[in-house]
Amino acid sequence: EMAQTKIEWATHSWNPVTGCSPVSDGCINCYAKRMANRLKGRCGYDKDNPFKVTLHPDRLEQPLRWKKPRMIFVCSMGDLFHEDVPDDFIDQIFAVMALCTGHAFLTLTKRPERMRGYICDWQTPFRIAKAIDALIVDEQIKQLREEIRPISGYPGYFISNMGTNSPIFNT
């Protein structure tokens, strides 16, 4: 979830991925693992294995709702480039970051080789562009669902406040 943070170099954290597994001696004192153990069984953390790598697709669009510019620490409670995080989910995270031009996103990893491979893959920009398109279409569909509502007392009839300013018609 996105929350304010006391980290001096970030104002908020965004955790579409939580959890990790140790890769170095520096992992012995992992803050995220300690915190996950405190939150086990709550806030999206498994009660039996709170620090297992977990994808949170329901958190993907959180930064899109923040209007005021933020300095956002991405995956403060896990590692975005962990081997259990599929490339297509990373694509979706980068798509959100690309759409949020007012925010600054900070991504740290203990897996720089995977990050380098992902960033340097010539197909990555195309996959991210495809993820951006999917996000935009999903958002337009959500707006349509909000704008077209059933008329109470008249089953099968609907009302809409759609007009020429609807994003679906202004493409």
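Scope of the values below: all heavy atoms of this structure, side chains included, with no hydrogens, waters or symmetry mates.
Y31 and Y45 fall within the same hydrophobic cluster, where Ile, Leu, Val, Met, Phe, Trp and Tyr residues are linked whenever their side-chain heavy atoms come under 4.5 Å apart, directly or through other members. There is a path of hydrophobic side-chain contacts, each under 4.5 Å, that joins Y118 to V96. F126 and F94 end up in different hydrophobic clusters when Ile, Leu, Val, Met, Phe, Trp and Tyr side chains are linked at under 4.5 Å. Taking hydrophobic clusters as Ile, Leu, Val, Met, Phe, Trp and Tyr residues chained together by side-chain heavy-atom distances below 4.5 Å, L108 does not share a cluster with V23. Hydrophobic clustering (side-chain heavy atoms under 4.5 Å, transitive across Ile, Leu, Val, Met, Phe, Trp, Tyr) groups L64 together with L55.
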Give every donor-acceptor pair under 3.5 Å between a side-chain atom in residues 34-41 and any protein atom, sequence neighbours left out.
{"unit_1": "R34", "atom_1": "NH1", "unit_2": "N29", "atom_2": "O", "d": "3.1"}
{"unit_1": "N37", "atom_1": "ND2", "unit_2": "K33", "atom_2": "O", "d": "3.3"}

Identify every side-chain donor-acceptor pair in residues 71-89 under 3.5 Å, counting partners at least two apart or on other chains, and give the distances.
{"unit_1": "S76", "atom_1": "OG", "unit_2": "N15", "atom_2": "OD1", "d": "3.4"}
{"unit_1": "S76", "atom_1": "OG", "unit_2": "N15", "atom_2": "ND2", "d": "3.3"}
{"unit_1": "D79", "atom_1": "OD1", "unit_2": "F81", "atom_2": "N", "d": "2.9"}
{"unit_1": "D79", "atom_1": "OD1", "unit_2": "T109", "atom_2": "OG1", "d": "2.7"}
{"unit_1": "D79", "atom_1": "OD2", "unit_2": "T109", "atom_2": "OG1", "d": "3.1"}
{"unit_1": "D79", "atom_1": "OD2", "unit_2": "K110", "atom_2": "N", "d": "3.0"}
{"unit_1": "D79", "atom_1": "OD2", "unit_2": "R111", "atom_2": "NH1", "d": "2.9"}
{"unit_1": "H82", "atom_1": "ND1", "unit_2": "D84", "atom_2": "N", "d": "2.9"}
{"unit_1": "H82", "atom_1": "NE2", "unit_2": "S21", "atom_2": "OG", "d": "2.8"}
{"unit_1": "E83", "atom_1": "OE1", "unit_2": "R111", "atom_2": "NE", "d": "3.1"}
{"unit_1": "D87", "atom_1": "OD1", "unit_2": "R114", "atom_2": "NH2", "d": "2.7"}

Using a 3.5 Å cut-off and no angle test, enumerate the donor-acceptor pairs between side-chain atoms of residues 46-54 and protein atoms at least two apart in sequence or in another chain.
{"unit_1": "D46", "atom_1": "OD2", "unit_2": "D48", "atom_2": "N", "d": "2.9"}
{"unit_1": "D46", "atom_1": "OD2", "unit_2": "N49", "atom_2": "N", "d": "2.6"}
{"unit_1": "T54", "atom_1": "OG1", "unit_2": "K52", "atom_2": "O", "d": "3.0"}

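In this structure, the separation between CD1 on I90 and OG1 on T124 is 9.0 Å, given to the nearest 0.5 Å. Note that the CE atom of M97 and the CD1 atom of I128 stand 7.5 Å from one another [nearest 0.5 Å]. Expressed to the nearest 0.5 Å, how far NE2 of H103 lies from NZ of K67 amounts to 8.0 Å.
Screening residues 117-129 for salt bridge (charged side-chain N to carboxylate O under 4.0 Å, His left out), with sequence neighbours left out, gives D91-R127, D121-R127.
The side-chain contact (heavy atoms from CB on, under 4.5 Å) check on E8 picks up nothing, with sequence neighbours excluded. Residues satisfying the side-chain contact (heavy atoms from CB on, under 4.5 Å) criterion with D138, sequence neighbours excluded, are absent altogether.
Two residues are said to be in side-chain contact when any heavy atoms from C-beta on lie closer than 4.5 Å; K68 and T11 fail this criterion. Looking at heavy atoms from C-beta onward, L135 lies out of side-chain contact with L60 at the 4.5 angstrom threshold.
Using cut-offs of 30° and 60° for the angle between ring planes, the W66 and H12 rings count as perpendicular.
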